[in-house]
Amino acid sequence: MRIEFPDGDVEVFEPGTTGMDVAESISRGLAKKALACTLDERLLDLTVPLPADGSIRILTFADDRGKEVLRHSAAHLMASAVKSLFPGTRLGIGPAIEDGFYYDMDIPDFPGSSALEGVEAEMRRQVEEDVPFKRQEMDLSEALQLFEELGETLKLELLRELQHKGETRVSVYRHGDFVDLCRGPHVPSTGLLRHFNLLGVAGAYWRGDERRQMLTRIYGTVFDSAQGLKRHLQLLEEARKRDHRKLGKELEMFTVGGEGGPGLAYWYPNGTVVLEELERHWKEAHRAAGYQLIRTPHIAPAELWQTSGHYDYYRDNMYFLDVEGAEYALKPMNCPGHMLIYRGRKRSYRELPMRLAELGTVYRYEKSGVLHGLMRVRGFTQDDAHIFCSQNQITDEIKGVVRLALYFLKIFDFGYKIRLSLMDAAEADHYAGNEESWRTVEPVLAQALEEMEEDYAPVTGEAAFYGPKIDIDLRDALGRLWQGPTIQFDFNLPERFDLTYVGSDGAAHRVLTIHRALYGSMERFVGCLIEHYAGNLPGWLAPMQCIILPITSEQREKALEVFRRLEDVGLRCAVDDSSETVGYRIRQAETSKVPFMLVIGEREVRSDMAALRVHGEGDRGSIPVDEAVETVREACRRPALPNGG
RNA sequence: GCCCACGUAGCUCAGUCGGUAGAGCACAUCCUUGGUAAGGAUGAGGUCAGCGGUUCAAUUCCGCUCGUGGGCUCCA
């Protein structure tokens, strides 16, 4: 048989040759690292004979598909360990996921996370034994019988579903006594699964359906090397250290939940400084980009929510109140208020594009179990805006919004990934607005991104029911992705509110509406910033920017003089003349992550100097006070505003 | 909301196999005037999350409630 290698070489092999044979023919090293292979892009086990001629690729951990095979095999290994320790365990599903794997199982009398050590030990035993994974294909009816005998009722359900889809042949994988319905492929043997770690236990509904049985989900991760595993575990540890809930408490920024109510944030003075600086800059940047700021109330009559559709479609997430016998709702979104402001009077095409922005606080009922620090709360402030424009303005408007969004991300050195969510034409009737709007707008979104030379991933079927959207995920300092700016067309609300403008032809036209939020939620964004910077916020956001430390009370006057000079240039600073040693006061300032300290002793007083100390870096030596003030001021300067809209 | 785990001083945590509790940090007072990440002494501070049950006795065992965490689901 003729096998083509990735470099284009073709070699002839005996029939019955396996992927492993091919890997060995290339090099011993590759064979050792090989996890699976693809033949003409079809995934295959290394241990089965290659079915035909074709172009082969040997997959290792360096390849995403290789990672997936390793992780999925580790899931099987874990499941087999659980089954041998907890007889009667029924298997659900056990896929590879980003960074690892899980397996959902119904485990009788499972004691919880305390059992993980035992499971790991059993897995290690099987790794040492180096048990081979074996693929076996069979008729679906045969498989039904097999899993019936094994009592694997959940697997039977999956099989019946396959049967419904018209499948007739399935594959199972065995290693040792363990059998699992599985498409595969798998690594050749359990010996390759040496570098794993079990990470946690959680409940998960069978098939993700909350009406179904709750299974036990065990999470784990696996790598091809001890270093890889170690690095990953260190990353998890670093993420734990940066947890905004922990740092938020330590730095006295905020509390959320507890006595104050689940999902509700209380901002302490330090956190409030951060929020206000962000908001001030946000407002200035938006004015510079041609937005007009507005404000809308926190409650509105039920009728408004009926008009917008929220009353019918979003009510499970809304809080209602009684006002003199009339029904009101706490606003879960700012959009309806913005629509009302647009509709405040007849609008002319000359007013468009009209960009209305608001830092609007909204309240949404979220199930208690989903609340998470500042990332998921019940009351939060959206940096919301609606752009009302005409058809021929949409390209410029989209570009303007994307540019503004990227401007904000760049300030904080976030990386990003753009997703373009489009409608699924097969389900056209699920969407609001007329089809023509979708057909004109969707290509414009793509075109705008292309003209800006931004990479993006189009995703069909991911559009909101009311319009296509551009979502930007931001990547933080640890490489984690967070939900970032979102730019959404809305074909629904302009119709519901009957929003029009008078064109140059004197006729009324339906106005187009772009709904966008860049930070998303101010609360969540601050949480994200705290984790991104590990609490060491950039100077302009630091709640306290500079602490002045007189070495003895002799230098108190000089310290106060320096303090006033810093204050005069608008810096947040304080003199720490408490009766503690210098070392102690420095430590205080360091642990509270104040970016700068100016230490003033007798020497500095004599020469009108201050010793500058930079957080995390240490003593920079004495410099003239003028220079010190300028250095701190420069480092705490607010970001430049965007130019033009 | 559901599954599992957890809840001891402001914070981080010991402890009590059932006899009502302790450390470090933080806080207060005093001493200390100290040159780049913790000077010393003294003191105050807890209905052991809340309610109920079992018990001679509950912070400890059981139940419920509330809250928190890891997930499921959903979303900003």
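FYI, side chains are in, hydrogens and waters are out, and symmetry mates aren't considered; it's all heavy atoms of this structure. For clarity, every value in this text was computed on a predicted model and none was experimentally measured. Chain letters run A, B, ... following the sequence lines, proteins first, then strands; residues in each count from 1.
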### Message
Counting the atoms with a prime plus P, OP1 and OP2 as sugar-phosphate, which does Glu366(A) contact under 4.0 Å by heavy atoms, base, sugar-phosphate, or nothing?
### Response
base

### Residue list, ring-ring contact (aromatic ring centres under 6.0 Å, His included) with His286(A), at least two apart or on another chain
Trp282(A), Tyr291(A), Phe408(A)

### Task
Give Tyr314(A) one of three labels, base, sugar-phosphate or nothing, depending on what nucleic acid heavy atoms sit under 4.0 Å from its own.
nothing

### Query
Given the rule that a pair is Watson-Crick or G-U wobble with both distances under 3.5 Å, how would you write RNA chain B in dot-bracket, using | for pairs to a different strand?
(((((((..((((.....[..)))).(((((.......))))).....(((((..]....))))))))))))....

## Note on the structure
RNA chain B nearest-nucleotide lookup for Leu371(A) and Arg524(A): closer to the 5′ end is Leu371(A)

Provide a list of protein-nucleic acid N or O atom pairs under 3.5 angstrom, restricted to nucleotides 46-50 of chain B.
none

### Query
Any side-chain heavy atom of Ile107(A) sitting closer than 4.5 Å to one from Leu85(A)?
no

### Task
Could you check whether Phe525(A) gets within reach of a base, just the sugar-phosphate, or nothing at all, counting any heavy atom under 4.0 Å?
nothing

### Summary
Counting primed atoms, P, OP1 and OP2 as sugar-phosphate and everything else as base, the B/S/- map of nucleotides 33-45 of chain B against protein heavy atoms under 4.0 Å is BBBBBBB------

Using nucleotides 2-10 of chain B, report all nitrogen or oxygen pairs with the protein that are shorter than 3.5 Å.
residue : atom : partner   : partner atom : Å
rC2(B)  : O2   : Tyr205(A) : OH           : 3.0
rC3(B)  : O2   : Gly203(A) : N            : 3.4

#### Entry: Pair listing, ring-ring contact (aromatic ring centres under 6.0 Å, His included) test, anchored in residues 202-222 of chain A, at least two apart
Tyr102(A)-Tyr219(A)

### Message
Suppose we call two aromatic rings close when their centres sit under 6.0 Å apart. Are Tyr311(A) and Phe320(A) close by that rule?
### Response
yes

